J.: 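So that we are looking at the same thing, I have put the structure below in structure tokens.
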Amino acid sequence: MENYLFLFSLVLLFGLLPFSSQTPNPKNPNPKPPLTQAHTELINYGFPIGLLPASVTKYTLNQTSGNFAVDLGGTCKVTLPPDNYLATYSKRVTGKIENGKIAELDGIRVRALFKWWSITGIRSSGDNLVFEVGMVTAKYPAKNFDESPLCEGRHSSS
Ligand SMILES: *[C@@H]1O[C@H](CO)[C@@H](O)[C@H](O)[C@H]1NC(C)=O
């Protein structure tokens with residue numbers, strides 16, 4: 001039961017806060033890093049490039065099954081817009097991608113309510129992205145993910 005309360009609070013946190021801060025970010029002063037193949041594929045499947053950090057070192061996709069693996073050259077810590085959630089990417093992120101849908105996602109976690117939550121899936125829904133944390137979902141405007149975040153902390157092993 002306690003877990004459900006946590007999840008419910010998470011829904012509130014993810015779901016309500018964004019609406020209080022929908023002003024667009026000021027122009028990004030940093031130059032855009034070049035797009036990797038992984039980022040281009042995200043666009044092909046209907047997702048914004050900002051779901052992946054800029055530091056992709058290797059990318060594989062099975063076009064038939066949709067199974068993919070993205071290597072980031074190390075773990076990666078980023079701050080997600082618009083509410084500055086702390087998120088971490090594992091050295092390797094895997095999942096299954098099809099048009100507008102990423103499932104069986106492994107390797108992306110978000111810090112909220114003093115806990116780390118694994119993002120298990122991402123769906124594209126109109127102008128929004130729907131993030132799945134188990135049974136719980138949180139919706140964000142896709143335009144918040146137009147830029148690839150840069151890794152803030154680098155750890156050589158994980
Ligand atoms: C790609 O996925 C298909 C369907 O699951 C599978 O049959 C095939 O062996 C996979 N190819 C590679 C190179 O892993």
Side-chain angles (χ1 to χ4, degrees), residues 3-4 6-8 10-11 13-15 18 28 30-113 115-158:
N3 270 344
Y4 284 106
F6 265 121
L7 291 178
F8 183 64
L10 187 73
V11 176
L13 195 71
F14 269 118
N28 189 346
N30 302 318
K32 286 180 187 174
L35 285 190
T36 69
Q37 192 200 344
H39 293 96
T40 309
E41 287 288 8
L42 275 178
I43 294 170
N44 291 343
Y45 281 94
F47 290 99
I49 60 169
L51 289 178
L52 279 178
S55 67
V56 174
T57 56
K58 185 164 176 254
Y59 165 78
T60 56
L61 166 71
N62 180 328
Q63 300 263 11
T64 314
S65 65
N67 287 314
F68 67 88
V70 178
D71 289 324
L72 299 173
T75 57
C76 171
K77 187 162 74 176
V78 304
T79 307
L80 290 183
D83 297 313
N84 297 333
Y85 284 108
L86 198 57
T88 61
Y89 289 78
S90 303
K91 216 164 132 179
R92 166 168 274 211
V93 175
T94 59
K96 195 167 175 147
I97 194 166
E98 60 186 75
N99 221 352
K101 187 176 164 211
I102 298 172
E104 296 168 35
L105 189 58
D106 185 47
I108 306 179
R109 294 187 307 158
V110 175
R111 180 92 177 154
L113 296 172
K115 287 182 70 157
W116 287 101
W117 306 84
S118 288
I119 307 282
T120 50
I122 305 171
R123 276 180 290 123
S124 174
S125 169
D127 290 336
N128 292 301
L129 289 177
V130 179
F131 291 86
E132 300 167 353
V133 178
M135 304 283 289
V136 181
T137 62
K139 202 192 257 189
Y140 277 96
K143 64 175 163 55
N144 288 327
F145 297 88
D146 281 348
E147 310 261 345
S148 277
L150 296 171
C151 299
E152 289 159 16
R154 276 297 192 183
H155 309 281
S156 52
S157 67
S158 81

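Start at 1 and go down the list; that is how both ligands and their atoms are numbered. Computed from a predicted structure; not experimentally measured. Side chains included, hydrogens not; waters and symmetry mates left out as well; all remaining heavy atoms used.
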J.: Check side-chain contact (heavy atoms from CB on, under 4.5 Å) between Arg111 and all other residues, then give those that pass, not counting sequence neighbours.
T.: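 Arg111: side-chain contact (heavy atoms from CB on, under 4.5 Å) contacts with Leu86, Phe114, Trp116.
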
J.: So which protein heavy atom does atom 5 (O) of ligand 1 come closest to, and at what separation?
T.: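 The closest heavy atom on the protein side is Ser65 CB, 3.5 Å.
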
J.: Name all residues meeting the side-chain contact (heavy atoms from CB on, under 4.5 Å) criterion together with Asn128; count only those two or more places apart in sequence or in a different chain, and write none if there are none.
T.: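 With sequence neighbours excluded, Asn128 shows a side-chain contact (heavy atoms from CB on, under 4.5 Å) to Lys139, Pro141, given in chain and number order.
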
J.: Strictly less than 4.0 Å: does any protein heavy-atom distance to atom 14 (O) of ligand 1 fall in that range?
T.: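 For atom 14 (O) of ligand 1 the answer is yes, since some protein heavy atom falls inside 4.0 Å.
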
J.: Can you measure from CG (Asp71) to OG1 (Thr57) and round to the nearest 0.5 angstrom?
T.: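 Atom-to-atom, Asp71:CG and Thr57:OG1 are 5.0 Å apart.
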
J.: Protein heavy atom under 4.0 angstrom of atom 9 (O) of ligand 1, is there one?
T.: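 No, no protein heavy atom sits under 4.0 Å from atom 9 (O) of ligand 1.
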
J.: Using a 4.0 Å cutoff against the non-hydrogen atoms of Asn62, which atoms of ligand 1 qualify?
T.: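 Here the atoms of ligand 1 in question are 1 (C), 2 (O), 3 (C), 8 (C), 10 (C), 11 (N), 12 (C), 14 (O).
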
J.: Check the angle between the aromatic planes of Phe145 and Phe131 and answer parallel, tilted or perpendicular using the 30° and 60° thresholds.
T.: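 Judged by the thresholds at 30° and 60°, the geometry between Phe145 and Phe131 is tilted.
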
